Number of protein chains: 2
Amino acid sequence: MSQPSQVPTTRRAAVDPKECSITGTLAAIGDRWSVLVLRELFYGVRRFNDIQHDLGISRSVLTDRLARLVEIGVARTEPYQEPGDRVRQQYRLTRKGVRLLPVLVGLMEWGDEFLSNGDPPVVLEERDSGEQVRLELRSTSGALVAPHQIVTRARRRRVD
Amino acid sequence: MSQPSQVPTTRRAAVDPKECSITGTLAAIGDRWSVLVLRELFYGVRRFNDIQHDLGISRSVLTDRLARLVEIGVARTEPYQEPGDRVRQQYRLTRKGVRLLPVLVGLMEWGDEFLSNGDPPVVLEERDSGEQVRLELRSTSGALVAPHQIVTRARRRRVD
DNA sequence: GGTCTGAGTTCGACGTACGAACTGAGGGGC
DNA sequence: GCCCCTCAGTTCGTACGTCGAACTCAGACC
């Protein structure tokens, strides 16, 4: 075929880009602000003005993102009422939203390692034990897997 | 304080948004195209035209993203040469880039579960054993941790 | 010299995100 | 009753990012 210097020369993805779940997830929540809003919800910030203040996001964009997150079922509104105040809406994650936590943890761990020099500004702990929580790649047999040991395989059909 | 219906009413993040590693990572690779380019590199697609064809990205944006990924040390260029052709550059992930794999896997697993109804178009396998690879949240003692059992704690300093 | 290919660059049109200011609904003070 | 407050969300003009298409450039082959 070809092997001019010593390069493996993979020319095309083994996977149809349209069939990859990454594409779909990015289409749903793959913009900067959506991810940051999700982070706020994970941190327990639930109110419009608090999120807007924390993130410095424009109000129009925040309105749009919250509506979108609710629309796709990642967040939901829930009424609340301060003592001398009318009923308002706050935002909380759904189970579907909580399942995005590994993505956020992945972003956090990478930033901790390469941007904060291994000195994490925030740590994740298990509520009861207080033990630190980390993200791990494991095979079905339970063994840790290094990232470079991983290969991809298309399950439906090859492209081209 | 306040507890009108039965709402916990967390008003502000326990974490300074500026000090969170998620913010930094998103600033580095947090746009849609960067993530998709990274996915291509993970899949082993290394050449400009191949990536451009797979993703349907405009050439100018791809040029910009590849340069950015190289600049921040996530990808690197590597010369290659087809038999009767001049030397050209291809792109490969660095170790720093490979460490972003958990983020991609997180995106993929969420899409598999909620967008593909648990029927994943692509599976990840360990190269040697062929066993399927999955992302897990575990505490330091090695126990699996459910996402809703996780709490965040700021390590440096609380905000206000 | 002419042509082919891969890897970009340039350019004008269009779309989306932005901040700032405005609206709207209900509660409280006086 | 009237004014003012807060929270939530909308409107609006501007600015920036993305797009496709066409162009450039370098080397190899004929």
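Order of the sequence lines sets the chain letters (A, B, ...), proteins ahead of strands, with each chain counted from 1. Because the structure is a prediction, the values reported are computed rather than measured.
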Grab the [atom1]-[atom2] distance between [X] and [N] for me, whole Å please.
{"X": "B:H53", "N": "C:dG6", "atom1": "NE2", "atom2": "P", "answer": "12 Å"}
{"X": "B:E82", "N": "D:dG27", "atom1": "CD", "atom2": "C1'", "answer": "14 Å"}
{"X": "B:L62", "N": "C:dG8", "atom1": "CG", "atom2": "P", "answer": "8 Å"}
{"X": "A:D64", "N": "D:dT11", "atom1": "CG", "atom2": "P", "answer": "13 Å"}
{"X": "B:D85", "N": "D:dG27", "atom1": "CG", "atom2": "P", "answer": "12 Å"}
{"X": "B:I57", "N": "C:dG8", "atom1": "CD1", "atom2": "P", "answer": "13 Å"}
{"X": "A:D50", "N": "D:dT6", "atom1": "CG", "atom2": "C1'", "answer": "12 Å"}
{"X": "B:Y80", "N": "C:dG6", "atom1": "OH", "atom2": "P", "answer": "8 Å"}

- line: Exactly one of B:L55, B:L107, B:L101 clears side-chain contact (heavy atoms from CB on, under 4.5 Å) with B:R39, and that residue is B:L55

message: Using a heavy-atom cut-off of 4.0 Å across all strands, would you classify B:Q52 as base, sugar-phosphate, or nothing?
response: nothing

message: Quick check on DNA chain D: between A:S60 and B:D31, whose nearest nucleotide comes earlier from the 5' end?
response: A:S60

query: Which heavy atom of B:L41 sits nearest a heavy atom of B:A75, and at what distance?
result: CD1-CB, 4.0 Å

On the nucleotide [N], are OP1 or OP2 found under 4.0 Å from the side-chain N or O atoms that [X] carries?
{"X": "B:R32", "N": "D:dG17", "answer": "no"}
{"X": "B:R65", "N": "D:dT18", "answer": "yes"}
{"X": "A:W33", "N": "C:dT16", "answer": "no"}
{"X": "A:Y91", "N": "D:dC7", "answer": "no"}

field: Proximity to the side chain of A:R86 - top-ranked nucleotide from C:dG27, D:dG9, C:dT5
entry: C:dG27

task: Side chain of A:R88 only, please: which of C:dC18, D:dA8, C:dT9 is the nearest?
output: D:dA8

field: Hydrophobic cluster membership, B:I22 vs A:V123, 4.5 Å side-chain cutoff
entry: no

message: Do B:V151 and A:L104 land in one hydrophobic cluster if side-chain heavy atoms of ILVMFWY residues count as linked below 4.5 Å?
response: no

message: Per the ring pair (Phe, Tyr, Trp, His ring centres under 6.0 Å) rule, what does the pair list look like for residues 114-150 of chain A, sequence neighbours excluded?
response: A:W110-A:F114

- prompt: Can you list the steps and then say if B:T77 with B:Y91 is a side-chain contact (heavy atoms from CB on, under 4.5 Å)?
  reply: CA-CA 5 Å; B:T77 56; B:Y91 295 86; 3.4 Å; yes

- prompt: Just one of B:E125, B:E126, B:E131 clears the salt bridge (charged side-chain N to carboxylate O under 4.0 Å, His left out) bar with A:R153, so which one?
  reply: B:E125

- request: Mind listing the residues from residues 68-77 of chain B sitting with a heavy atom below 4.0 Å of DNA chain C? Number order is fine.
  value: none

- prompt: Do B:R59 and D:dA21 share a donor-acceptor pair, side chain to base, under 3.5 Å?
  reply: no

